[in-house]
Amino acid sequence: MKLSVLPKIELHCHLDGSLRPETVIDIAKREGISIPSFDLEEIQRELTAPIECESLDEYLKKFALPNLVMQSQENLRRISFELLEDAAQENVKYMEVRFAPLLHTKKGLDVEVIIQSVLDGMKDAEDQYDIKGNLILSCMRTMSVDHAFEVVEKGKKFLGKGVVAIDLCASEEEGFCRIFEAPIRLAKEYGYRVTIHAGETGIGTNVLEAVKLLGAERIGHGVFIKDCDEAYHIVKEQQVVLEMCPTSNVQTKAVNNFREHPIYNFHKDGIKVTINTDNRTVSATNMLNECNLIFNEFNMSLEDYKQIYLNSVEACFAELETKEMLKKYI
Ligand SMILES: O=c1[nH]cnc2c1ncn2[C@H]1C[C@H](O)[C@@H](CO)O1
Ligand SMILES: [Zn+2]
């Protein structure tokens with residue numbers, strides 16, 4: 001099966017994990033930002049987490065470098081444009097980009113300006129390529145609940161204008177959902193859709209709580225429902241969609257290798273899975289690579305591909321018109 005020609009949808013991709021190394025070097029040179037090297041291979045290595053990473057926390061260290069060049073309107077716009085440009089080359093027709101606006105205030109940018117800059121970059125790419133994008137605002141679990149409220153409030157005016165959902169990300173502790181119940185509830189009231197990173201580091205109960213306490217419609221990763229019957233059951237019964245990211249899951253040691261990835265068993269058991277990159281640069285991957293890895297590993301068919309593509313269509317936070325358009329591609 002030639003996956004490269006098939007239409008693709010990506011629902012889980014972090015902006016700050018998906019920068020072109022060339023762009024990091026170019027911005028750093030022009031703005032006099034100190035980075036470890038100006039050598040392309042060296043920077044590529046600095047931006048990419050090793051496949052034999054120790055843990056999610058080690059993986060997350062790779063986000064410090066890109067953050068240095070993501071502190072101006074112009075750079076945020078450029079980086080967002082380039083991400084959609086790269087995705088369009090892989091036949092990605094629709095993409096939900098996520099990022100944490102509060103990470104980009106280090107040089108004094110206003111949170112609304114930060115969000116608008118990313119939306120502008122995505123729009124630039126939409127005008128030029130056959131791709132459509134929406135934006136998910138991530139709240140860092142390492143920051144306070146007040147910070148999560150700030151993201152929800154400041155992002156509110158962009159609902160219906162490119163921002164579609166709220167997310168919780170970063171290091172995963174047991175029971176984090178209970179801490180962030182209030183801001184996520186408010187986000188829902190405002191009209192944000194909800195996707196939550198959970199079950200990425202061995203704690204299946206976090207998925208259960210993300211669904212029950214936070215009303216998550218989608219789960220980022222969700223690998224560890226495999227070890228938690230209650231979480232597995234609720235995800236299956238309520239058709240909560242899993243945004244799975246195979247390479248990232250191997251890197252963070254959620255699974256030991258691709259063969260052990262539960263995506264195929266979940267899919268065969270009727271759980272709604274989707275395939276995503278998580279981070280194109282930090283995981284040194286793209287949509288074609290993730291699809292190839294999984295389809296080769298599990299000998300999956302075109303029918304499987306269509307089902308997973310349609311899962312992404314159903315689960316995406318786009319308007320009906322976009323969903324109809326996406327269905328026509330397959
Ligand atoms: O896979 C992930 N799990 C939890 N947090 C993540 C993952 N990939 C990226 N992040 C964090 C690091 C980024 O700085 C932040 C916002 O995109 O999201
Ligand atoms: Zn993620």
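Starting from 1, each residue takes its place in the sequence as its number. Ligands are counted one by one from 1 in listed order, and the atoms in each one are counted from 1 as well.
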**OP:** Pull up every protein N/O/S atom sitting under 2.8 Å from the Zn ion (ligand 2), skipping waters.
**Re:** H12 NE2, H14 NE2, H197 NE2, D278 OD1

Original post:
Among side-chain atoms of E31 and N75, is any donor-acceptor pair under 3.5 angstrom?
Top reply: yes

Original post:
In terms of the angle between their ring planes, are F63 and H14 parallel, tilted or perpendicular, with boundaries placed at 30° and 60°?
Top reply: perpendicular

Original post:
Do the side-chain N and O atoms of K62 and N279 include a donor-acceptor pair separated by under 3.5 angstrom?
Top reply: no

Original post:
Do F99 and H104 have ring centroids that are under 6.0 Å from one another?
Top reply: yes

Subject >> Residues in contact with ligand 1, criterion: heavy atom under 4.0 Å >> reply: H14, D16, L56, L60, F63, F99, A100, L103, M140, C169, A170, H197, E200, H221, D278, N279

Subject >> Within 45° cone and under 6.0 Å: R141 NZ/CZ vs F176 ring >> reply: yes

Original post:
Do D57 and S171 have side-chain N/O donor and acceptor atoms under 3.5 Å apart?
Top reply: yes

**OP:** Please work out whether the ring planes of Y305 and F295 are parallel, tilted or perpendicular, with thresholds of 30° and 60°.
**Re:** tilted

Original post:
Going by distance alone, is a donor N or O of one side chain under 3.5 Å from an acceptor N or O of the other, for D120 and S117?
Top reply: no

**OP:** Would you check if there is a donor-acceptor pair between the side chains of E243 and T195 at a distance under 3.5 Å?
**Re:** yes

